[in-house]
Visitor: 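One structure follows; several queries about it will come next.
Just the heavy atoms: all of them, side chains too, but no hydrogens, waters or symmetry mates, feed the values below. Quick note on labels: first sequence line is chain A, next is B, and so on, each numbered from 1.
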Number of protein chains: 2
Amino acid sequence: MASQLIPEELLERVAQRFKTLSEPIRLQLLNQMMVTSDEMSVMQLVEETGQQQANVSKHLTLMAREGILVRRKEGQKVYYRINDPSIHGICTLVCGRLQQEVDSNLELVEKS
Amino acid sequence: MASQLIPEELLERVAQRFKTLSEPIRLQLLNQMMVTSDEMSVMQLVEETGQQQANVSKHLTLMAREGILVRRKEGQKVYYRINDPSIHGICTLVCGRLQQEVDSNLELVEKS
DNA sequence: CTAATATATTCCTTTACTGGAATTTATGCA
DNA sequence: TGCATAAATTCCAGTAAAGGAATATATTAG
């Protein structure tokens with residue numbers, strides 16, 4: 001049946017993609033790059049996120065391996081940017097939904 | 001700055017949502033419910049996925065706690081259905097992107 | 001050649017989560 | 001009342017992955 005929303009062959013990959021997005025620091029990094037809408041060096045991202053350099057580097061390397069980011073080396077610096085155009089929409093959808101949930105809960109609290 | 005794509009306050013929750021979606025069996029369950037576009041009992045889902053009852057139950061309970069599913073009990077049966085309308089779009093986006101990646105790789109292989 | 005800067009990698013400990021097996025709880029039926 | 005069915009829960013062992021610290025690699029400047 002080709003009418004599957006998630007084709008059997010993609011199941012593992014889809015899960016993997018979500019797993020990659022399931023870490024706050026990685027979302028922070030992606031968020032920075034989306035807001036900047038440009039490539040950013042590791043150091044810039046370290047500063048923006050306040051995380052350890054080694055840690056940031058690990059997460060960037062991981063996301064690059066997953067195909068979410070691309071890496072460009074220039075001199076001693078390495079620039080990363082988002083390679084997956086769907087990331088923006090995905091995050092927008094999830095955030096929209098979660099914001100709704102938060103708002104509904106607030107409403108409930110206020111009503112009580 | 002309110003122009004953040006992922007607001008700081010939502011960061012943890014967004015990550016959590018992605019983590020919930022990062023398990024193949026859970027995606028299978030969601031897929032079934034989306035394809036059926038109706039609620040399904042635990043047993044139905046056990047049959048469709050071929051997984052252990054206890055395991056299916058655990059994952060359903062988890063997703064219900066997360067607000068992705070709703071639980072309705074009728075007699076001795078429990079029916080679950082998708083409560084989060086964004087799930088469909090999110091999965092569609094990710095699948096579309098990953099299918100593209102797969103296709104590009106195939107192309108590369110054939111060219112060589 | 002040496003020091004400094006930028007990034008990546010390795011090692012380690014800790015934590016979180018998964019599935020299996022067994023058990024418990026709840027409901028319906030004889 | 002007791003049995004069967006449906007679902008949930010508990011306990012457990014195995015695994016994966018995260019962050020910290022230290023170190024390695026690469027590039028540029030002096």
Visitor: In whole angstrom, what separates B:L21's CG from C:dC17's P?
Guide: 14 Å
Visitor: Can you name the residues that form a side chain to side chain contact (heavy atoms under 4.5 Å, CB included) with A:K19, not counting sequence neighbours?
Guide: A:S22, B:S22
Visitor: Mind checking salt bridge (charged side-chain N to carboxylate O under 4.0 Å, His left out) for B:E47 and listing every partner two or more places apart, or none if nothing turns up?
Guide: none
Visitor: Roughly, in whole Å, what's the span from CD1 in B:I25 to C1' in C:dG20?
Guide: 12 Å
Visitor: Would you mind classifying the nucleic acid contact of A:L60 as base, sugar-phosphate or nothing, using non-hydrogen atoms under 4.0 angstrom?
Guide: nothing
Visitor: Could you pull out all residues at least two apart from A:E74 that satisfy salt bridge (charged side-chain N to carboxylate O under 4.0 Å, His left out)?
Guide: A:R72
Visitor: From CG of B:L62 over to P of D:dT10, roughly how many Å is that when rounded to an integer?
Guide: 14 Å
Visitor: If you look at every strand shown and take non-hydrogen atoms under 4.0 Å, does A:S57 touch a base, only sugar-phosphate, or nothing?
Guide: base
Visitor: Let me know the distance between CD of A:Q53 and C1' of D:dA22, rounded to the nearest Å.
Guide: 12 Å
Visitor: Taking both distances under 3.5 Å as the test for a Watson-Crick or G-U pair, what stems of at least three pairs does DNA chain D have?
Guide: C:1-30 with D:1-30
Visitor: How many whole angstroms separate atom CZ of A:F18 from atom P of C:dC17?
Guide: 18 Å
Visitor: Can you name the residues that form a side chain to side chain contact (heavy atoms under 4.5 Å, CB included) with A:Q16, not counting sequence neighbours?
Guide: A:T20, A:E66
Visitor: Please identify each residue that fulfils side chain to side chain contact (heavy atoms under 4.5 Å, CB included) with B:T49, with sequence neighbours left out.
Guide: B:Q28, B:L29, B:Q51, B:V56
Visitor: What is the distance from CG of B:N55 to C1' of D:dT9, rounded to the nearest Å?
Guide: 13 Å
Visitor: Which residues pass the side-chain hydrogen bond (donor to acceptor under 3.5 Å, both in side chains) test with B:Q99, not counting sequence neighbours?
Guide: B:D103
Visitor: Give each protein N/O atom lying under 3.5 Å from an N/O atom of nucleotides 10-16 of chain C, with the pair distance.
Guide:
{"unit_1": "C:dT10", "atom_1": "O4", "unit_2": "A:K58", "atom_2": "NZ", "d": "3.4"}

Visitor: Please tell me whether B:L60 and A:L11 are part of a single hydrophobic cluster in this structure, the criterion being side-chain heavy atoms less than 4.5 Å apart.
Guide: yes
Visitor: Name all residues meeting the side chain to side chain contact (heavy atoms under 4.5 Å, CB included) criterion together with B:A64; count only those two or more places apart in sequence or in a different chain, and write none if there are none.
Guide: B:L69, B:Y80
Visitor: Has B:R71 got a side-chain N or O lying under 4.0 Å from the OP1 or OP2 atom of D:dA7?
Guide: no
Visitor: Across nucleotides 24-29 of chain D, 5' to 3', mark each nucleotide with B, S or - according to how protein heavy atoms within less than 4.0 Å reach it.
Guide: --SBS-
Visitor: Whole angstrom is fine here: how far is it from CD in B:E23 over to P in C:dC17?
Guide: 11 Å
Visitor: Test: salt bridge (charged side-chain N to carboxylate O under 4.0 Å, His left out). Region: residues 26-36 of chain A. Which pairs qualify, not counting sequence neighbours?
Guide: none
Visitor: Under 4.0 Å from OP1 or OP2 of C:dT18: is there any side-chain N or O of B:H59 that close?
Guide: no
Visitor: Let me know the distance between CD of B:Q52 and P of D:dC12, rounded to the nearest Å.
Guide: 20 Å
Visitor: Scan A:Y79 against the nucleic acid and name what it touches under 4.0 Å (heavy atoms): base, sugar-phosphate only, or nothing.
Guide: nothing
Visitor: Without swapping roles, check the side chain of B:S57 against the backbone of B:Q53 for a donor-acceptor pair under 3.5 Å.
Guide: no
Visitor: Answer yes if A:M34 and A:L93 sit in the same cluster of Ile, Leu, Val, Met, Phe, Trp and Tyr residues linked by side chain heavy atoms under 4.5 Å apart, and no otherwise.
Guide: yes
Visitor: Does A:Q51 reach a base, just sugar-phosphate, or nothing at all? Heavy atoms under 4.0 Å.
Guide: nothing
Visitor: Nearest to the side chain of A:Y80, heavy atoms from C-beta on, is which of D:dA7, C:dA8, C:dG19?
Guide: C:dA8
Visitor: If you look only at pairs with a residue in residues 86-102 of chain A, which of them pass as a salt bridge (charged side-chain N to carboxylate O under 4.0 Å, His left out), with sequence neighbours excluded?
Guide: A:R97-A:E101, A:R97-B:D84, A:E101-B:R13, A:E101-B:R17
